[in-house]
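The block underneath contains the structure these notes are about, expressed in C-alpha cells.
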Amino acid sequence: MSDANNNVRKIMHVMRHAPHGKIYTYEGLEMILIMAAYEQDLSVVFIGDGVFALKKGQETAGIGIKGFAKTFMALEGYDVEKLYADADSLAERGLTPDDLLVDVKVLDSYEIGALMNEQDVIIPH
Amino acid sequence: MSDANNNVRKIMHVMRHAPHGKIYTYEGLEMILIMAAYEQDLSVVFIGDGVFALKKGQETAGIGIKGFAKTFMALEGYDVEKLYADADSLAERGLTPDDLLVDVKVLDSYEIGALMNEQDVIIPH
Amino acid sequence: MLHTINKSPFENGTMLTCFRFLQPGDPVLFIEDGVYAVRSAGHYTSDIRDVLKTNPVYALLPDLDARGIDAVVEGVQSIDYDGFVELVEHHQVNSWL
Amino acid sequence: MLHTINKSPFENGTMLTCFRFLQPGDPVLFIEDGVYAVRSAGHYTSDIRDVLKTNPVYALLPDLDARGIDAVVEGVQSIDYDGFVELVEHHQVNSWL
Amino acid sequence: MNIGILLKEGPYNHQAADTAYKFAEAAIARGHRVDAIFLYNDGVLNVTRHMDPPQDDRHIASRWDELNKKHGVEVLACIAASKRRGINNDVIIEGGEITGLGTLTDIAIRTDRLVTFGD
Amino acid sequence: MNIGILLKEGPYNHQAADTAYKFAEAAIARGHRVDAIFLYNDGVLNVTRHMDPPQDDRHIASRWDELNKKHGVEVLACIAASKRRGINNDVIIEGGEITGLGTLTDIAIRTDRLVTFGD
C-alpha cells in the first residue's frame, strides 16, 4: 500500500430494509453519494429486504413519494463499483440478478461475512 | 341496552410491542389512563412481545428510562378490568400468569379474534 | 373487521400473528411494505392461498407499483386508495402495526 | 468485528440474519429488545448455544434488568455499558439495525 | 360517514404519513367527512412548520395544513407526546392544534371509523 | 481511543438515543475521546431545544448539550435530514450544529471506531 493510501478507509454500507416503507434506504443512498466524493474504499451490500431496493419496475407516482431506485444506477459514475448482494436473500425472495436494476456481485453469506471483517467502518441503513 | 349506554363504545387497545425498546407501550398506557375517565367500554389485549410489558421484576434504573410496568397495576383502580393475554404468545415466551404483574384473562387466539370483531374501535400500540 | 398489514413478512412476524386472529370472512388488506407478501409465486404464496379459502385478500395497487410487483397470487384483489376507503365503509379497522 | 443485535427475535428476523454472516470468534452483543433472545430456558436457547460453540456471546445487563430477565443461557456473559466500550476497544462494530 | 385518523409516525422517515394522507384524500373524494387527524407518538412531528424538504419532494406539513383549510379536517397533536418531542405553539403549522388525549377519546366516540396508520 | 457515534433515531420514541448516551458516558469514563455524535434520519430530532418532557423523566436534548459543553463532544445534525424534519438553527440546542454528510465522512476517517445506534 502506498503512503497516499494510508488514510483510505474501507467503509461498507449495509442495506437491509425494503424501500419506501421507511426512509433508510433512500437516505442511505444520499449518504453514499456524498461519501463517494471522498475517495474512500466504499462498498454497498444488500441483505434481506434490502435487495428489494434494486428491483426493476418500481413506479412510485401512486404513493406520492419520489422514486430513487434508478439513482443506484448512478453509483458506477461515482466510482462506487463494489456492490454485493446476498445469494440467500435473493433466493428467498425469488429474485435473480436479471430482476435487478444494476449489476451486483452475488456472494454467499460466508463471503459477505469475510468482507465485513475487513472493514474499518460498517454503516447500517 | 339502556338509552344511557347508547354512546358507550367498545374500544380495544392492542399491545404488541416489547417495553422500553420503543415508546409505544408506555404512551399506549398513558392513552388508556386518560380514556378510562370517559366511561367507555375499554379492554386491553396483550399479544406477541406485548406480553413482556407485564413481566414482573422490570428494573429500569440502569437504562435511565422511567419504569412503568407497575402502572398497569393501577388500571383496575380506573375501572379498566378487561385485560386479556394471548395464550400462544405467553407459551412461546415461556411465561405463565404467575410471571405477570397483573391478573389477566388468558384467551386463545380464536377468542381474542372474536372479541376484536365486537369492537367499535381498535387502537394498536 | 378489516385487517391491515404494513410489514414485510420476510423480516417481521406481523402477518403470521394477524392470521392467527382472523375470523372467517374478514377482509385482509396489505399496504406499504406488507405487499411483498402477495407476490405471485413468492415465498408466502401458500400462506396467502390458505387465507383466501376463508377470507378476501386485497393489496394496495400504488404500493405494489412502488415496489415493482406486477403479478400477485391469484385471488388477491388489487385496489386503489378509493377501494381502501370503500372497505372502511363496510368494516371497522384493525391495523396490525 | 463486534456484532450488536437490538431486536426481539420473537417479532423480527434480525438475529437469525446476523447469525448467517458471523465469522468464528466474533463477539455478539445483545442490547435493548435484543436481550429477550438470551433468556434462560427460552425459545431461542438452542440457537444461542449453537453460536456459543464458536463465538462469545454477551448481553447488556441494564437491558436485561429493565426487562425483568434474571437468568440467561449458560455461557452468555452479562456486561455493563463499560463492558460494551471495552468490546469496542478491541473490535470494529457491525450494528444490525 | 364520519372518519377519524390516528397517525403514529413522523413524516418522511416512515410511509405512514403518506398513506394516511392518500387515504384522507380518497375518503373526502368519496364524499366522507374526515373529522380529525390525531397525531400521537412520533406522529406529532408532522405539524412543524419548519419542515423544508427538497423542492421536488412533497411537503408533508403543508398537506395537513391544506386538508385543514380546504376541508375543515382538524389536525391535532397530543400535548404530552408533543412536549417530549419539542413540538409547541411556536413551531406548529397554522392549521394544526395541540390538544389532550381526551380529544382523541371524543373523536373515537363521535366518528363512525377510527383508522390508524403507523409503523 | 477516538470514538464517533452515529445515531439514527429520534428521542423517546426509541431506546437508541438512551443507549448511545450511556455508551458515550461510559466511553468517556474509560478515558476515551468521544469525538462527535452525528445525527442522521430521525436522529436529527435529538437536538431541538423545545423538548419539554415530564419533570421526573430524562431530558434527552440537555444530555447532548452537556456532553458537548463538558466533554467537547461535537453534536452534529445532518442538514438534509434536518430540513426534511423541521430542524434548523432557530430550534437547535446551543451545543448542537447543523452540518453536511461530508463531516460524517471526515469522522469516519479520523476516528478509530464509528458505532451506530438506531432501530
Legend entry - Point-to-point distance, once rounded to the nearest 0.5 Å, from CD1 of A:Ile123 to OH of F:Tyr40: 9.5 Å
Legend entry - Inter-residue atom distance F:Asp112.CG - A:Asp120.CG, 0.5 Å rounding: 10.0 Å
Legend entry - Heavy atoms from other residues, nucleotides or ligands near CG of F:Asn2 exceed 12 (cutoff 6.0 Å): yes
Legend entry - Residues F:Leu104, A:Met35; criterion side-chain contact (heavy atoms from CB on, under 4.5 Å); working and verdict: CA-CA 9 Å; F:Leu104 174 65; A:Met35 282 200 177; 4.0 Å; yes
Legend entry - Atom pair NZ (A:Lys22) and CG (F:Asn41), whose distance is rounded to the nearest 0.5 Å: 11.0 Å
Legend entry - Pairwise distance NE2(A:His17) to CG(F:Asp119) - rounded to 0.5 angstrom: 7.5 Å
Legend entry - Proximal component of F:Leu6, with respect to chain A [non-hydrogen, under 4.5 Å]: side chain
Inset, instruction - Would you indicate whether A:Lys70, at its atom NZ, is surrounded by more than 12 heavy atoms from other residues, nucleotides or ligands within a distance under 6.0 Å? - result: no
Inset, instruction - Looking only at non-hydrogen atoms, find the nearest pair between F:Gly102 and A:Ile34 and report the distance. - result: N-CG2, 3.7 Å
Legend entry - Neighbour count above 12 (heavy atom, 6.0 Å) for F:Lys69 NZ: yes
Legend entry - N-O pairing of F:Lys83 and A:Glu30 below 4.0 Å: no
Legend entry - Contacting moiety of A:Leu33, where chain F heavy atoms sit under 4.5 Å: neither
Legend entry - Pair A:Glu27 + F:Lys8: basic N to acidic O under 4.0 Å: no
Inset, instruction - Quick one: pull up OG1 in F:Thr105 and CD1 in A:Ile11 and give me the separation to the nearest 0.5 Å. - result: 6.5 Å
Inset, instruction - Inspect the surroundings of CD in F:Glu94 and state if more than 12 heavy atoms from other residues, nucleotides or ligands are less than 6.0 Å away. - result: no
Legend entry - Interatomic distance, F:Ile109 atom CD1 to A:Glu39 atom CD [nearest 0.5 angstrom]: 10.0 Å
Inset, instruction - Heavy atoms only, distances under 4.5 angstrom: which of A:Tyr26, A:Tyr24, A:Tyr38 has the most pairs with chain F? Name it, please. - result: A:Tyr38
Legend entry - Which portion of F:Arg84 sits near chain A, non-hydrogen atoms under 4.5 angstrom: side chain
